[in-house]
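A short worksheet on the structure shown next.
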Amino acid sequence: MSRPYIHGRSKREAERLSDQADTLTRILHHDTRYPHGCRVLEAGCGVGAQTAILSAHSPGATITSVEISTESLRIARWRMRELHIKTVDLVNGDIFTLPFRESAFDHIFVCFVLEHLHNPRSALLKLRSLLKTGGTITIIEGDHGSTFFHPDSPFAQETIRTLVSLQAEKGGDACIGRRLYPLMKEAGFSDAAVSERMVYVDAGRPDLVEGFTRKTFIAMVEGVREEALARGQVSQTAWEKGIADLERTTEADGTFCYTFFKGTGTKG
């Protein structure tokens, strides 16, 4: 059974994930490449948005992509067929009980997954056991606490805090990006290193205004509207004002900034 996923699994969310992956490819994945002939595990592939990028960047690698949600996996399979990708094996499975032998993979890729888990350290320990000695792990996570924008707005900040709070109630951490380094060290990865991947948006970058601020971030926040209002975490007036103020940052004099974190490490 799928664990609670704060953003839901609607068609709109699948589209948002695709928009996010397409928009952030250069920022997040320009340095993600795997050698010909290696075996890569993608832990938590969702609808396959990141999977397609991994395959395009490393056409000689064999990729096994695991996803706990059967609905997301169905979309991922459709995406692979549409893109004529044949180097990816899509598997339904739980990150904590994966059906692979120890040391089965050369590399592991985890993107936007740890933030949704009750115990990300345990997940990393499990994944480490599946790596060959000398194999590497790559982890990418966001941090909603890194968001700032102009014009600033206490209402917009409240809508973001509401999302963070709802995710925490489900056992996740929407600000996990800042924890990547200690998590990797606790899980026993050597050569751990984390780099910040800042997304800065203004009117001079219209592709990011549309692809990131509107279709990725604001769409993500709007996705929890019904739950936030139903639980009384924010008033409808404050919520609508917050979303309007986030939209205000996409205008000609607005700016928006968010930071992702990319961690890499080795199994010694």
Side-chain angles (χ1 to χ4, degrees), residues 2 14 17-18 20-22 24-114 116-117 120 122-141 180 184 187-193 195 197 260 262-268:
S2 297
L17 292 172
S18 295
Q20 174 179 255
D22 292 343
L24 299 175
T25 295
R26 180 183 59 80
I27 295 171
L28 298 183
H29 302 302
H30 71 272
D31 52 354
T32 304
R33 298 286 192 281
Y34 297 112
H36 182 89
C38 72
R39 190 173 184 197
V40 180
L41 171 65
E42 180 189 14
C45 70
V47 297
Q50 310 294 333
T51 314
I53 296 170
L54 286 181
S55 177
H57 285 188
S58 303
T62 299
I63 301 171
T64 300
S65 297
V66 176
E67 171 56 38
I68 195 171
S69 165
T70 55
E71 175 59 21
S72 294
L73 203 61
R74 182 188 65 78
I75 298 172
R77 286 177 173 143
W78 171 84
R79 188 188 302 276
M80 297 307 108
R81 288 195 301 270
E82 288 292 299
L83 296 174
H84 305 289
I85 294 174
K86 298 181 180 180
T87 57
V88 174
D89 182 23
L90 292 159
V91 178
N92 183 218
D94 187 320
I95 197 170
F96 291 99
T97 57
L98 293 174
F100 308 116
R101 60 179 174 79
E102 291 191 0
S103 305
F105 296 94
D106 301 295
H107 306 282
I108 293 178
F109 178 83
V110 191
C111 187
F112 308 146
V113 173
L114 298 184
H116 302 293
L117 303 181
S122 292
L124 290 180
L125 286 169
K126 172 62 179 178
L127 292 174
R128 186 179 181 277
S129 73
L130 301 179
L131 266 180
K132 293 180 179 179
T133 299
T136 68
I137 190 168
T138 297
I139 310 168
I140 300 174
E141 293 290 347
L180 274 192
M184 293 174 70
F189 289 100
S190 60
D191 301 325
S195 60
R197 306 296 170 103
F260 293 93
K262 185 170 185 175
T264 56
T266 304
K267 180 179 179 178

Inset, instruction - Take atom CD of E102 as the centre, draw a 6.0 Å sphere, and report whether it contains more than 12 heavy atoms from other residues, nucleotides or ligands. - result: no
For the residue pair [X] and [Y], what are the closest heavy atoms and their distance?
X: G93; Y: V66; answer: O-CG1, 3.5 Å
X: F105; Y: V40; answer: CD2-C, 3.8 Å
X: L127; Y: A43; answer: CD2-CB, 3.9 Å
X: L131; Y: K267; answer: O-NZ, 2.8 Å
X: I139; Y: L124; answer: CD1-CD2, 3.6 Å

Residues forming a side-chain hydrogen bond (donor to acceptor under 3.5 Å, both in side chains) with [X], sequence neighbours excluded:
X: K262; value: D31, T32
X: S190; value: none
X: E42; value: T51, S65
X: T136; value: H107

Donor-acceptor pair, [X] side chain versus [Y] backbone, under 3.5 Å?
X: E67; Y: L73; result: no
X: Q50; Y: C111; result: no
X: N92; Y: I68; result: yes

Legend entry - Heavy-atom side-chain contact between D191 and T264 under 4.5 Å: no
Inset, instruction - Decide yes or no for M184 and I137: does some side-chain heavy atom of the first lie under 4.5 Å from some side-chain heavy atom of the second? - result: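 Yes. Closest side-chain heavy atoms under 4.5 Å.
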Inset, instruction - Could you verify whether a donor N or O on one side chain and an acceptor N or O on the other, from R101 and S103, lie under 3.5 Å apart? - result: no
For residues 52-63, dump all side-chain donor-acceptor pairs below 3.5 Å to protein atoms at least two apart in sequence or in another chain.
{"unit_1": "S55", "atom_1": "OG", "unit_2": "T87", "atom_2": "OG1", "d": "3.4"}
{"unit_1": "H57", "atom_1": "ND1", "unit_2": "H29", "atom_2": "O", "d": "3.2"}
{"unit_1": "H57", "atom_1": "ND1", "unit_2": "R33", "atom_2": "NH1", "d": "2.8"}
{"unit_1": "S58", "atom_1": "OG", "unit_2": "Y34", "atom_2": "N", "d": "2.6"}

Legend entry - salt bridge (Lys or Arg N to Asp or Glu O under 4.0 Å) partners of residues 124-138, not counting sequence neighbours, each pair once: D106-K132
Legend entry - E82 and R79 ion-paired at < 4.0 Å: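 R79 and E82: not salt-bridged.
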